[in-house]
Amino acid sequence: MNIAANPVVQAEQTVYLKDYEKPSFSVDSVHLDIQVYTDQTKVNSSLVMKRQNVGDLVLLGRDLELISLTLNGTRLSAADYQLDSEQLIINNAPDDVILNIEVIIHPESNTQLEGLYQAGSDLFVTQNEPEGFRKITFYPDRPDVLSVFTTRVEADTQFPVLLANGNLIEAGEAGTGRHYKIWQDPTKKPAYLFACVVGDLAVLKDQYVTSEGRHVALEIYAVEKDIPKCHIAMQALKHSMRWDEEHYGRAYDLDNYMIVATSAFNMGAMENKGLNIFNTSCVLADEEFTTDAAIMRVQSVIAHEYFHNWTGNRITCRDWFQLCLKEGLTVFRDQSFSEDLQSAAVQRIDDVAVLKGHQFPEDSGPLSHPPRPDHFVEINNFYTATVYEKGAEINRMMATLLGKEKFRQGTDEYFKRHDGQAVTVEDWVAALTAGSGVDLSKFLIWYNQPGTPKLEAQGEYNAEQQTCRLNFKQFLKAHPKYPNLQAVPIPVALALFNSETGEQYSLQCAALFENAVKDGLYLFDQDEASIEFSGITAKPVVSLLRNFSAPVNLDFNYSDEELAFLIQYETNGFNQWQAAQTLLERILLNGHEAHVYIAAIKNTLPQLVEKDPLLASRLFDVPNEGYLGSRIDQDYSPVTIQEQRNALLNTLARELGSFCKDTYLALDPLMQTEFSQAMGVRALKNIMLNMLARQGNTLAFDLAEEQYITTGNMSERLGALKVLVWNDAPQAQAVLADFYDRFKDEALALDQWFMVQASHPKATAATIEYLTSHPDYDLGTPNRIRAVSGGLNANPVNTWGFGVQHFIDLAKYLDKKNPIVGARLLQALSRWYTLAEPQRTEVKNALEALTTEVSSKNVVETLKSMLGI
Ligand code: ARG
Ligand code: ZN
C-alpha cells in the first residue's frame with residue numbers, strides 16, 4: 001500500500017502554453033466503480049489506453065490512497081512506477097495498455113468542494129472542472145483526452161438517488177442495505193465533464209422533443225421542499241433547448257438531461273455531460289423567495305450550462321489556456337438568450353455593468369491577463385471576468401461585424417469541422433472566417449493581449465460644408481509580461497443626431513478613411529483613422545459605441561448638455577443609459593453640476609416608464625462606491641467617494657421633490673402582464689422609496705412597512721427591508737426579526753438577511769462579528785460566506801477599514817479548507833495599491849505578512865500577483 005503524500009507546501013510550478021504537447025496515450029474507454037461508504041469511498045477503474053505519442057504513461061492524482069495497480073494483468077509494485085503528490089508515471093509502458101486501479105478517497109472530509117465530496121448529510125456530488133477528477137482516481141486528467149465512460153455507482157439504500165452521465169443501463173442490489181446503478185455515456189468526453197451523484201433527493205420531471213424528434217426526459221433534483229421552486233428553471237431549460245435549435249441549429253443529443261441542486265458549491269454551476277450540477281442559487285426561483293435579479297440569473301445560468309453541451313462538451317478545449325474558447329462563447333450565447341427574456345437594452349446594460357464593474361478593474365490592476373493567458377500556476381484562478389466576460393465581448397464583436405447570417409455560417413462551419421474534438425481559439429476563429437468568408441484573424445490579437453484599450457475620439461463639424469469628421473486613436477497600456485502590444489480591431493457602431501430637431505441623421509460617408517461595414521458600423525483596426533460624413537445640416541450630437549460595440553474605454557469630449565441630449569433622444573437604450581452614467585460619474589468624480597442630469601431625467605422618464613419601465617429604472621443607476629473606486633488609480637480615498645456619492649443622492653432626492661412620492665404611488669406591478677415590465681415597476685418603486693427616505697419623509701417608512709407586510713414578492717419585500725434597515729427606521733428591528741422567522745429554513749433567502757445587515761451603510765466590525773458568530777453562519781457553505789463578505793464589500797469604507805483583517809483572516813482559513821473560494825475572496829483587496837497613504841502601506845504590509853501563512857497554490861498565486869512578486 002502506498003499513500004501519496006499531501007504536502008503542506010505545494011511546489012509552485014508555472015505551466016506555459018508554448019509547452020503544450022499531445023498526450024502520450026489516449027483512453028479508448030474507462031469503467032469506473034464508485035462505492036460510497038460513510039467513512040470512505042472505494043474507486044476502482046479500468047482504462048483501455050493506446051499510445052499516440054512518445055513519452056511516459058502519465059496519470060494525474062491528488063490526495064488518493066493507492067491500493068493496487070495492475071497493468072495488462074500484472075500487478076505492479078512500487079518499483080514499477082514513480083509516484084509523487086501530483087502524478088503517477090509508468091516508464092516504458094507498452095503501446096496497448098489495460099490499467100486497473102484501486103484507490104480509496106474521502107469525500108466525507110473533502111472541504112474543498114472539488115472532486116467527489118459530501119455536500120450535506122444526504123448528498124455526495126462531484127465538481128471536476130478543471131482538475132477535480134484527479135482527486136477521484138489516477139487518470140490522464142486533461143481536456144484533450146476524450147473517452148467513453150461507463151460508471152457503476154454503489155451506496156447504502158438510504159441514498160436512493162444514484163446518478164452518473166449518460167443512459168441508465170443496469171440497476172440492482174449489492175448486498176444487504178446497498179444498491180447500485182450502472183450508467184453509460186455514449187459520447188466521448190474529457191474527465192472534467194464526468195459527474196456522479198449519490199443522495200436522497202426529490203425530482204421534478206418534464207420532457208422535451210427535439211427538432212430532430214428525440215424524446216428527452218428532463219429531471220431537476222433538489223430537496224423535497226425546494227421542488228416547487230424548480231419550475232422556472234425547468235421552463236428556462238426547455239426554452240434554451242428550443243433557442244439553441246433556432247439560433248444555432250444545435251439539438252440535444254442524449255435521451256435525458258439531469259440537473260442536481262446543492263447548496264455546497266464553489267461557483268454557479270457545472271455543465272457535466274447530461275448531468276449538470278448547480279448551486280441552489282442558480283436553480284431555485286420563486287417570486288416569494290427569490291429577487292427578480294436572481295430569477296433572471298437562474299434563467300441565464302440554466303441556459304449557459306445547457307449551451308455548453310455544444311460549446312464546451314461536444315467541442316471542448318485542447319488545454320486550459322483555451323478556457324475562454326468555451327466560456328467566452330457560451331457567455332455570449334447566454335447573454336443573447338437573455339436579451340429575449342427582458343428588455344434587450346437592459347440585458348445589455350447589465351452585462352456591460354458587470355464588464356465595467358469587474359473586468360475593467362481586473363484588467364487595469366495586478367491580476368490583469370489576456371482572455372487566453374499564456375501561463376498559470378493554478379488554473380482555478382483563471383475563471384475570471386476577463387476569461388468569461390471579455391471573452392464574450394470578443395465573440396460579440398465578431399458577431400456584430402458579421403451580422404446574423406454570416407455569423408451563423410461561421411458557427412455552422414465550426415460545428416461541422418470540430419464536433420467531437422478538443423480545439424483552440426485559433427481553430428474557432430479560422431472556422432468563423434472560413435464559414436463567413438470574412439477574415440477575422442486580427443481578432444486573435446484580442447485573445448492574446450491584456451488590458452482595456454482606450455479609444456480616443458474627436459469630432460469636427462464644418463457648418464459650411466455640412467460635414468462631420470470623426471478622428472479615432474487607440475492606446476494600449478504596456479504590461480510588464482506582455483510588452484509588444486498590437487492595435488486591435490474595434491467595431492464602432494455610431495449615430496449622429498440633429499441637435500436642433502433630435503432626429504437621427506441617415507449616414508453617408510463622404511470620405512472614408514476606415515472600413516465601413518454598413519451604415520453606422522465601422523471597423524477601426526489601426527492606431528489612428530478618420531471618417532467623414534456629409535449632409536449634416538445642423539450641428540450633430542455624436543453617439544459612439546452604440547450597444548457597447550467594443551470593450552474599450554471611450555474618451556470623447558462630450559459636453560454635459562450633449563449627454564443630457566442623448567439621455568432624451570438616443571434611440572439605443574444602452575447608449576441612453578451610458579450617457580446617464582457618464583454624466584453621473586462626472587458629477588461624482590469631477591464635481592459637475594447635477595441639474596443637467598436631473599432635468600434630462602425629468603423630461604425622459606414619463607414616456608419611458610410607459611414603454612420600458614425597467615430601462616427607466618436603470619437611468620437612476622448611480623454608480624456604486626466600489627465601481628467609482630475602481631475608476632481611481634491613485635490616492636483613492638473611500639471616505640471621500642462615500643461623501644460625494646451621498647451628497648449626490650441627497651441632491652437628487654431633493655430636486656426630484658414630489659416626483660418620488662407621485663411615481664411611487666402611481667405605479668403598480670400587478671397592472672403589468674409581462675414579468676419584465678413588472679420587474680421594472682418594482683425596481684422603480686424601490687428606487688423612489690429610497691429617495692423618499694432620503695428626503696427625510698417619514699411617510700417613506702410607513703410605505704416601506706406596508707410594502708413589506710402586504711407583498712408576497714421577494715424584490716418588494718427585500719426592497720422595503722433595505723429601506724427600513726439601512727435608514728435605521730423605528731421598524732427596522734421588527735422587520736429584520738420577521739424576515740428571519742419567515743425564512744430561517746430557506747437558505748438562499750436567509751443569505752439575504754445576512755447580506756442586508758452586512759451591507760448596512762453604518763455596519764461596523766461588531767456587526768460583522770455578530771453575523772459571523774450567528775448560529776446560522778457557516779464557513780462550509782460558500783453562499784453564506786459570500787453573503788456576509790460580499791455585503792461587507794459593498795461598502796469600500798469598510799473593506800479598506802476593518803475589512804482588511806476580515807479578508808485576510810478568511811483567506812488564511814480558506815487556504816487550508818477551500819482554497820478556490822479563499823483565493824477569490826482575497827481579491828477584494830486587489831486594488832490596495834490605489835489607496836492614499838498611510839492606508840496603502842498598511843494594507844500592503846498586511847498582505848505581505850499573509851504570504852508566510854498560506855500554502856495553497858490558489859491563494860499563493862493570487863497573493864503574489866496582487867503584490868507584483
Ligand atoms: N464551467 C463552469 C461554467 O462556467 C464553471 C466551472 C468553474 N470551475 C472553477 N473551478 N472555477 O459553466
Ligand atoms: Zn461556463
Side-chain angles (χ1 to χ4, degrees), residues 62 110 112-115 117 125-135 141 143 189-195 233 236-237 240 244 259-262 264-279 281-283 297-317 320-338 351 354 358 362 367 369 371 373 376-392 395 782 786 814 818-827 856-859 861-862:
R62 193 180 289 165
N110 179 343
Q112 306 181 347
L113 314 188
E114 198 188 21
Y117 61 94
V125 298
T126 50
Q127 171 54 35
N128 293 328
E129 183 184 357
E131 300 182 335
F133 193 77
R134 64 190 62 186
K135 296 183 64 179
D141 180 13
K189 66 168 177 293
Y192 83 88
L193 292 173
F194 170 81
L237 175 59
S240 310
D244 213 13
I259 291 175
V260 175
T262 172
F265 207 70
N266 281 347
M267 53 273 326
M270 180 62 212
E271 69 265 22
N272 318 299
K273 183 77 189 186
L275 176 54
N276 290 181
I277 296 178
F278 268 64
N279 188 320
S281 69
C282 296
V283 192
R297 177 159 159 81
V298 164
Q299 300 180 77
S300 82
V301 179
I302 289 278
H304 179 95
E305 306 311 333
Y306 176 71
F307 295 158
H308 267 316
N309 191 57
W310 276 96
T311 51
N313 300 2
R314 296 278 297 235
I315 305 182
T316 193
C317 301
W320 289 120
F321 295 102
Q322 320 295 328
L323 181 59
C324 72
L325 168 74
K326 77 174 176 81
E327 294 305 343
L329 179 52
T330 305
V331 171
F332 172 60
R333 278 151 52 72
D334 84 56
Q335 290 177 349
S336 313
F337 169 82
S338 295
D351 292 333
V354 171
H358 297 282
E362 175 173 283
L367 301 176
H369 54 275
F376 62 74
V377 174
E378 170 56 64
I379 182 58
N380 266 303
N381 287 338
F382 286 82
Y383 286 73
T384 59
T386 296
V387 167
Y388 277 68
E389 264 64 50
K390 188 173 179 178
N395 291 307
R786 284 188 280 257
L814 292 172
N818 185 337
I820 293 179
V821 173
R824 176 90 26 148
L825 288 170
L826 185 61
Q827 291 183 24
S856 69
K857 284 204 282 182
N858 311 61
V859 177
E861 182 186 29
T862 300

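Counting convention: from 1, in listed order, for ligands and their atoms alike. Residue numbers start at 1 and run along the sequence shown.
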Proximal atoms of ligand 1 relative to E305 (non-hydrogen, under 4.0 Å): 3 (C), 12 (O)
Pair N110, Q112: side-chain N/O donor-acceptor within cut-off below 3.5 Å: no
Subset of ligand 1 atoms that lie under 4.0 Å from at least one heavy atom of H304: 3 (C), 4 (O), 12 (O)
Given H304, E305, H308, the one that forms side chain to side chain donor-acceptor pair (under 3.5 Å) with T330: H308
Under 4.0 Å to a heavy atom of M267 - the qualifying atoms of ligand 1, by number: 7 (C), 8 (N), 9 (C), 10 (N), 11 (N)
Which segment of E327 sits under 4.0 Å of ligand 1 when only heavy atoms are counted: side chain
Side chains of E389 and V331 in contact at under 4.5 Å (non-hydrogen atoms): yes
For atom 6 (C) of ligand 1, the protein heavy atom that lies nearest, with its residue and separation: E129 OE1, 3.5 Å
Sub-4.0 Å heavy-atom approach of K326 to ligand 1: yes
Residue A269 vicinity, atoms of ligand 1 by number, heavy atom under 4.0 Å: 2 (C), 3 (C), 5 (C), 12 (O)
Distance filter under 4.0 Å to E271 heavy atoms, resulting ligand 1 atoms: 1 (N), 2 (C), 3 (C), 12 (O)
Interfacing atoms of ligand 1 (cut-off 4.0 Å, heavy-atom, P130): 10 (N)
For atom 10 (N) of ligand 1, the protein heavy atom that lies nearest, with its residue and separation: N380 OD1, 2.4 Å
Heteroatom of E327 nearest to the Zn ion (ligand 2) (N, O or S, atom name): OE1
Atom 4 (O) of ligand 1 [closest protein heavy-atom partner, distance rounded to 0.1 Å]: Y388 OH, 2.6 Å
K326/E271 ion pair, N-O < 4.0 Å: yes
Parallel, tilted or perpendicular, as decided by the 30° and 60° cut-offs, for the rings of Y383 and W320: tilted
For Y192, the option from T316, D141, N128 that meets side chain to side chain donor-acceptor pair (under 3.5 Å): T316
R314, CZ atom: more than 12 neighbouring heavy atoms under 6.0 Å: yes
Pair F321 + F382: ring centers closer than 6.0 Å: no
